[in-house]
Amino acid sequence: MANSLDKATLEAALIGYQHQVEDIQAKIAAIRKMLTGNAPTAAPKVKRAASAQKQKHKMSAEGRARIAAAQRARWAKAKRNQ
């Protein structure tokens, strides 16, 4: 398999792996800073506006009643078939 790879492919792979090594080394350095207490403080979290918050879906009493009736009908049909 190694013989079937051309030089350009191998060079591209080498560049990609070197980039991964740099990323990993940066993460290791950040963890070491955290362990020694020299870590930068995290930015405060910003609360979202009320309009941007996820709204709950509310079902009407009529909708709940229709779902309950349909479920009762499914159960009755299943019991009849047994």
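Sequence positions, counted from 1, serve as the residue numbers for this chain. Just so it is clear, the structure is predicted and the values come from calculations on it, not from any experiment.
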Q: Closest approach of M59 and R64, non-hydrogen atoms and distance?
A: O-NH1, 2.6 Å
Q: Is any side-chain heavy atom of K77 less than 4.5 Å from a side-chain heavy atom of R74?
A: no
Q: In Å, rounded to the nearest 0.5 Å, how long is the span from NZ of K7 to CG of L14?
A: 11.5 Å
Q: Find the distance between NZ (K27) and CZ (R32) and round it off to the nearest 0.5 Å.
A: 15.0 Å
Q: With rounding to the nearest 0.5 Å, note down the distance linking CG in D6 to CD in E11.
A: 9.0 Å
